[in-house]
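Let me begin by presenting the structure, written as structure tokens, before commenting on it.
What's counted below: heavy atoms across the whole structure, side chains too, no hydrogens, waters or symmetry copies. Letters go in sequence order (proteins before strands), and every chain restarts at 1.
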Amino acid sequence: MSGDTASPPVIETRAVVKSFAGVQALRGVDLTVRAGEIHALLGQNGAGKSTLVKILNGVHPAGSFSGDIRVAGRPVSFRSTSDARAEGVGYVPQEIEVLEQLTVAENVFAGQTGLGAGVLVSQRRLEERTRALFAEIGLAIDPRALVASLTAAQRHLVMIARALSFRPRVLMLDEPTASLSGVEVERLFAVLRRLKAQGSTMIFITHRLPEVLAICDRATVLRDGRVAAEIGREAFDAERFIFAMSGQRLQRLYPHHEPPPPAPPLLSVRNLTIAGRFGVNRGVSDVGFDVRPGEILGLAGLLGSGRTEILHAIYGRIPFAGEIAIAGRPVTIRKAGDARAAGIALLTEDRKRDGLLFNLPVGANITIGNLGPLASRGIVSDRKEKSAVLAAMRSLAVKARSPQSSVAHLSGGNQQKLLFARVLMSGPRVLLLDEPTKGVDASTRHEIYRLIVDLAEKGVALVVVASELEEIIGIADRCLVVADGRIVDEFKRGEGSEDRVLRAVAAAQAAATMATALPASGRIG
Amino acid sequence: MERTVGRPATAETSGRAMRDRLTRLVAVGEVGVLLALVVIVAFFFVLEPAFLSERNIRAILRVVSFVGIIAIGQTLLLVCGEFDLSVGAVAGLSAVVSAKLMTALALPVPIALLGGVAVGGLVGLVNGLAVVRLRIPAFIQTLGMLFIGQGLIQVVTNGYPVYPLPKVIGEIGMAGFVFGLGWSFVFFVVAAISADFVLRRTVLGRNMYATGGNPEVARLVGIDTARMKIGAFVTVGMLAAVAGMFVMADLSSGTTSIGSGWELTVIAGVVVGGVSLFGGAGTMAGGLIGILLLQVVTSGLVVIGVNANWQQIAVGLIMVIAVGLDVLRRRTFIAGSGSEPPAEPASPAKP
Amino acid sequence: MERTVGRPATAETSGRAMRDRLTRLVAVGEVGVLLALVVIVAFFFVLEPAFLSERNIRAILRVVSFVGIIAIGQTLLLVCGEFDLSVGAVAGLSAVVSAKLMTALALPVPIALLGGVAVGGLVGLVNGLAVVRLRIPAFIQTLGMLFIGQGLIQVVTNGYPVYPLPKVIGEIGMAGFVFGLGWSFVFFVVAAISADFVLRRTVLGRNMYATGGNPEVARLVGIDTARMKIGAFVTVGMLAAVAGMFVMADLSSGTTSIGSGWELTVIAGVVVGGVSLFGGAGTMAGGLIGILLLQVVTSGLVVIGVNANWQQIAVGLIMVIAVGLDVLRRRTFIAGSGSEPPAEPASPAKP
Amino acid sequence: GSGGAALAEGKNILWVQPMRDHPVHRLMQAGFLAKCKELGNTCEVVGNPSATNYDVSASIPLAEAAMARTKFDAIAVYGPGPEIYPFIGKLGQEGFPVVTWHVLPAEGSVPGLKAATGEDIPSAGKAAAEAMGAKLGGKGVIALTQGSSNDTENVMSDSFRKTMAEKYPDIKILDTQMEGFEPSSAEAKAVALLQGNPDVNAAFSTTGNGIQTWSGAARKAGREGLVIVGMDYIRQNLDIVKAGGAWGVVAQPLYEESAKTAELANHLAEGKTVPYLNPLPAAVLTAGDLEPYYKMLDSAGQ
Ligand SMILES: Nc1ncnc2c1ncn2[C@@H]1O[C@H](COP(=O)(O)OP(=O)(O)OP(=O)(O)O)[C@@H](O)[C@H]1O
Ligand SMILES: Nc1ncnc2c1ncn2[C@@H]1O[C@H](COP(=O)(O)OP(=O)(O)OP(=O)(O)O)[C@@H](O)[C@H]1O
Ligand SMILES: O[C@@H]1[C@@H](O)[C@H](O)OC[C@H]1O
Ligand SMILES: [Mg+2]
Ligand SMILES: [Mg+2]
């Protein structure tokens with residue numbers, strides 16, 4: 001096993017301390033990563049994981065933190081990411097960072113030379129090398145496609161390819177699986193295993209503990225900017241991880257929820273069809289379902305299956321054909337305002353892109369769009385707003401210094417809760433949740449599940465999309481399996497399994513393929 | 001921060017609140033530019049006490065009131081995430097149109113003035129519709145409108161000042177109530193206070209920040225971002241018209257050069273005052289202090305007798321230094337000492 | 001795209017590639033503006049064949065070569081995500097400095113010209129350092145530099161044109177080899193081709209797009225974005241200097257008004273040509289076609305005898321319409337007809 | 001073209017004037033077009049359309065564009081500085097008769113130039129200095145402003161200073177300040193100048209807006225007694241002088257010189273010879289001298 005103590009450390013940090021204007025992100029971290037291992041870096045939201053890998057990559061340059069770093073035994077001082085690259089350190093950041101206006105190939109080899117004679121770049125060479133790399137790691141994305149036309153998950157994969165393209169000795173992946181679903185994760189793991197076999201060392205950050213069990217050799221758990229535990233593979237155990245991260249015992253992961261008794265549907269969707277739009281989305285055909293008050297409906301499926309589009313259509317964000325009724329009354333939804341007026345709320349899947357308002361503080365982020373009741377004649381009551389914000393923050397345990405704090409520096413989980421608070425403030429009857437636990441740590445996840453169940457118990461109709469099949473199966477009363485913009489299977493709580501979903505999807509794809517009598521192309525892009 | 005276990009909660013809370021208050025104080029956009037303003041005023045005053053003479057203050061405030069009226073609109077528009085380069089031409093156009101209405105067409109003065117405001121509003125509406133509905137970048141649309149407006153001024157006047165104007169116009173311009181300042185200043189102050197109130201205290205203002213901060217999110221929470229932006233364009237157009245007509249009253253003449261060159265000075269002023277060119281950040285007070293700062297510098301350099309050739313150089317330098325110090329302040333107090341670029345969105349870090 | 005199952009994988013792939021290629025073709029900034037240019041040229045030609053007379057073409061190309069030299073630099077800088085409002089002042093300053101060097105200081109002409117280029121480079125360096133290191137927004141830094149440069153022109157010349165200049169300067173300006181166009185045109189063409197080559201075919205060009213497209217990514221992949229931007233500022237400064245000195249040669253005089261008002265026209269031209277004000281998008285060809293388009297319109301209106309007062313109006317309108325059609329084309333061909341605004345990044349949707 | 005007041009059999013005359021939207025320049029164009037029409041010529045005005053940017057290199061291609069279409073018989077080129085001389089030279093080489101106005105370059109100093117008309121600027125500056133010096137009784141402090149730094153205004157200022165130094169050495173003239181062309185900011189600058197210099201008792205401006213600038217500033221600064229002299233007999237300036245808001249106006253012969261230019265161009269177009277230098281007077285008008293000028297404006301429909 002590569003995690004055995006015999007192999008020398010490739011990355012070592014000693015007493016790394018990093019603070020941001022009064023926020024202590026790291027309080028003296030000693031990390032040791034050995035050659036050839038896949039090293040899990042665990043911790044709750046805000047524990048300092050991203051900060052640590054940013055330091056190891058020169059994103060936070062030498063001088064902006066204290067402590068020592070050694071790479072392959074030699075002390076290093078990275079002034080920029082290129083210094084880190086020169087030492088063979090590769091990095092896949094947590095947030096999606098791509099060049100939207102450029103092609104996939106240009107993104108993958110951005111900043112690299114040797115793509116033609118001397119300083120020249122040969123388009124052909126660039127595409128060839130991208131194709132070769134993709135073949136090697138099992139990606140089926142057209143190197144010539146514009147990145148602007150890719151989905152979030154595909155962009156993530158392009159970022160991974162970008163890090164791999166210069167053959168790093170050490171690769172650090174900051175929540176690479178947060179927007180991937182089971183199949184894609186498996187494929188990514190295959191790549192990581194192959195890299196490991198070739199002698200690469202990896203740091204792998206995730207909140208999905210089963211992934212740690214599946215692929216990692218050792219784990220370091222951060223807590224409040226300190227190392228709380230170092231755990232070898234032999235001692236791996238989800239409960240132990242959670243205790244190290246939070247100091248609490250593992251709670252029952254999915255809170256108990258009785259499916260509501262039969263009742264007329266609160267939300268009915270009929271014949272929902274969305275035209276595929278070139279480069280932006282690929283369409284949904286003839287989707288219909290009902291959700292009762294108090295029911296949690298899950299939409300399961302693979303990446304790009306159309307779940308997000310369904311939610312966006314119901315919320316009036318993309319044009320569609322079909323009928324939507326709330327409590328039996330047909331409603332016309334053309335824009336978000338119509339959906340809100342009908343009592344529908346949406347939590348979007350991409351916090352950075354269409355969730356947070358980075359120019360407004362925490363409080364205003366929560367109340368935006370919900371100021372009506374907090375104002376009289378258009379004038380916002382400071383007092384009402386403040387108490388509403390504090391109440392919302394308290395009830396969801398949003399950890400921010402004050403309602404005036406900047407949202408940019410909240411950890412991912414707290415950002416997610418903040419958005420929940422915003423969505424709930426309007427008192428929706430129908431709640432659409434797209435990846436509600438994306439990037440959220442285990443204990444916060446539990447709080448979110450609790451919240452979902454509480455809402456259901458109050459009679460809210462919920463539609464939940466989640467890429468982790470285990471999660472969607474655990475939380476939903478009833479599950480629809482979406483594949484290629486159609487509903488291909490349905491099962492009740494306790495009747496489904498990850499296998500069943502995957503089989504339904506595969507069957508749907510096979511049927512589609514049969515129709516053209518050609519084999520399906522396996523790809524994760 | 002929030003997970004600093006092991007410390008007594010109360011002490012932590014109060015220390016934290018203190019720090020928060022401090023951070024918030026220096027984080028406010030206005031503080032930096034206000035400080036710069038105070039230092040510069042003091043500097044000029046020491047060199048030449050006449051700088052703070054009643055008359056000079058009055059003259060400065062008078063000019064500031066003209067450009068300031070436009071700056072109010074421009075700040076609102078910038079908060080919504082757009083900007084308008086046509087304000088100077090709109091000011092000039094509205095002035096000469098209303099002048100023509102009250103002379104060539106002999107309309108009653110109030111009607112003619114309303115006509116001028118209507119011209120400004122109309123231009124603003126066209127700008128807004130083009131930017132929002134046709135998605136023409138504001139830079140191009142409003143620069144095009146700057147040319148169109150300048151051309152229309154020539155068409156309307158054939159190049160000659162519209163003169164003489166009805167007596168009452170001159171009287172409006174001459175009026176000197178309120179510290180000898182008169183109508184334009186009163187209008188400016190009232191408009192500034194109202195706009196500040198709207199931005200800080202109303203749902204509308206909040207929605208404007210959201211629109212400028214991230215229109216996608218604003219739409220998702222049900223804000224009609226199109227109406228927001230078009231409204232802001234119309235407002236800035238009408239305010240530009242009012243400013244132009246006040247200058248006209250001040251000169252008692254519909255001069256064709258009213259407003260020429262304002263397009264960049266107005267934006268420069270409010271940006272110096274911390275309003276972001278990228279939308280969603282900045283305050284009314286900041287924007288107006290910025291405009292005042294530029295006017296104080298221009299005026300002060302003349303008062304202390306700096307050679308004309310060096311005045312422009314000094315204006316350029318001071319503008320850059322004021323913003324530079326402000327950037328430094330933000331970096332030091334808000335983002336820590338880190339040299340990496342923080343995702344510091346409330347700052348106009350790169351308009 | 002991959003969701004279109006039911007279609008054979010290979011066909012799908014090739015169809016996708018085909019569609020992609022098509023998208024990229026119509027997505028190219030140049031197509032729209034080139035079409036607009038052709039239509040406008042045809043229009044003027046039909047109304048007045050003299051529009052395409054040798055004389056007029058030569059006059060157009062001559063002036064385009066001046067502004068175009070700056071536009072090359074401005075395009076590079078915009079691709080890197082910054083812009084420069086001081087180019088006009090830099091052109092003027094470099095011209096009068098080199099004129100002074102060759103007259104008052106009696107330096108040899110080549111040395112004096114190099115001195116002019118050095119001034120441009122130095123100003124560019126200062127702009128670059130201020131924007132990159134001190135993080136002063138480019139708008140403020142380069143607007144401040146515009147004032148500073150204008151002031152320095154006055155300081156250097158005391159307001160009088162530097163005249164007469166050594167004979168050889170006039171000869172450089174008069175030279176008419178290559179279709180009667182001479183040095184400035186040759187320089188322009190060579191510089192344009194080189195810059196286009198750099199942008200499209202070299203690692204440097206790739207890195208510039210990355211820097212402007214997403215500096216975060218650029219830094220992550222090890223591109224020295226600071227050097228990139230500073231380099232682009234220096235380049236635009238030097239090119240502005242060269243343009244200013246060519247105008248000086250053309251006028252045989254170091255006139256103080258060289259470059260006045262260029263700051264907005266240069267940016268307007270390249271933005272009309274599809275270069276994004278927000279960085280990372282646009283091509284050299286597009287930017288230069290945009291500049292050409294504006295000059296063609298300005299000249300064409302004179303040729304067909306549009307009333308002078310209406311000419312500016314027409315320029316403004318055509319500018320807006322050209323961009324409007326381009327936006328429409330992009331929306332139709334690239335983003336579909338949807339009502340929600342996709343993050344349509346290849347478009348200069350909101351500079 | 002604009003003002004293409006066409007009589008088919010007349011000559012074609014081109015008028016090239018950068019910064020063609022400056023009010024003073026518009027007045028010149030009016031004089032030209034009116035005279036041109038009277039003479040039965042077809043006349044066209046080209047120039048960069050701005051009230052503030054004097055851009056010769058943007059104006060030349062517009063002239064070229066007009067020339068590409070029309071064979072002109074004579075061309076009038078606004079010639080305040082040497083930057084336009086190469087263009088005049090080129091036109092001369094191509095055989096066009098070229099006239100300039102507003103400044104009077106020495107004969108032979110501009111290749112290709114056939115005739116020039118306008119006030120003799122140094123003598124206009126001298127006249128202004130003499131009139132003001134006498135009015136001030138030989139002592140006092142004068143504030144001097146220009147619209148911008150350009151050859152015409154520079155020469156006017158220089159001659160003003162020189163005359164004053166010679167004839168009224170006890171009068172002090174402050175450093176020149178630039179008003180710019182936007183009226184409200186020009187006025188603010190003038191107020192600041194008065195505040196910084198409480199001893200100023202007179203002001204001289206070399207630009208057409210100067211009278212408005214200074215009379216407004218004097219009022220706002222409470223310096224009603226200021227002796228103000230500025231350029232140009234536009235109606236508002238005459239009114240201000242009449243009402244006592246300013247003391248005098250230098251009657252730059254804007255309208256006359258441009259009419260004269262049209263005349264010279266017409267003669268040259270017809271192949272006649274004209275004298276090279278055609279100076280016109282530029283008197284300093286005070287309240288008593290205004291009537292004829294009002295009449296002229298009336299007859300010009302202004
Ligand atoms: N640029 C910054 N400025 C201020 N505070 C910051 C900054 N970056 C991170 N922080 C703070 O540092 C702490 C650690 O953040 P970090 O992003 O490293 O957490 P994480 O473990 O990656 O969390 P998550 O699981 O949510 O991604 C948090 O309190 C965060 O708010
Ligand atoms: N970065 C993005 N840019 C533009 N659109 C996006 C982006 N991310 C998500 N979307 C929208 O969301 C849709 C789904 O994309 P995403 O990558 O999130 O797939 P998914 O959520 O995994 O799949 P599903 O469609 O089944 O929800 C896209 O078709 C698009 O409409
Ligand atoms: O009086 C000036 C005039 O001579 C010049 O040509 O244009 C600007 C005016 O200020
Ligand atoms: Mg993180
Ligand atoms: Mg999704």
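- The heavy-atom pair separating D:L62 from C:V302 by the smallest distance is O-CG1, 3.5 Å.
- Across all their heavy atoms, C:S53 and D:A68 have their closest contact at OG-CB, 3.2 Å.
- Contacts of C:S253 with chain D are made by side-chain atoms alone, with heavy-atom separations under 4.5 Å and no backbone atom involved.
- Evaluation of the ring pair (Phe, Tyr, Trp, His ring centres under 6.0 Å) test over residues 146-174 of chain C, restricted to residues two or more places apart or in two chains, returns C:Y163-D:Y85.
- No part of D:Q29 comes within reach of chain C, as not one of its non-hydrogen atoms sits under 4.5 angstrom from that chain.
- Neither the backbone nor the side chain of C:M248 comes within contact range of chain D, judged by heavy atoms closer than 4.5 Å.
- In the displayed structure, C:F43 atom CZ is contacted under 6.0 Å by at most 12 heavy atoms of other residues, nucleotides or ligands.
- With hydrogens and angles ignored, the 3.5 Å screen pairs no side-chain donor or acceptor of D:S57 with any backbone N or O of C:V247.
- When the candidates D:E64, D:M67, D:E83, D:R20 are compared by the number of heavy-atom contacts under 4.5 Å with chain C, D:E83 comes out ahead.
- Nearest heavy atoms, D:P61 versus C:S299: O-OG, 4.2 Å.
- With a 4.5 Å cut-off on non-hydrogen atoms, C:W310 does not touch chain D at all.
- Taken to the nearest 0.5 Å, the CG atom of D:D55 stands 5.0 Å off from the OG atom of C:S260.
- Neither the backbone nor the side chain of C:E54 has a heavy atom closer than 4.5 Å to any heavy atom of chain D.
- Atom OG of residue D:S149 and atom CD of residue C:Q150 lie 12.0 Å apart, to the nearest 0.5 angstrom.
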* To do: Decide yes or no on side chain to side chain contact (heavy atoms under 4.5 Å, CB included) for D:V56 and C:L251, but give the supporting numbers first.
  => CA-CA 8 Å; D:V56 171; C:L251 304 177; 3.7 Å; yes

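- Here the side chain of D:R69 pairs no donor or acceptor atom with the backbone of C:A50 at under 3.5 angstrom.
- Listed options D:N154, D:I60, D:N48, D:T176 were ranked by heavy-atom pairs under 4.5 angstrom with chain C; first place goes to D:N154.
- Interface remark: C:V63 contributes side-chain atoms only to the contact with chain D (heavy atom separation under 4.5 Å).
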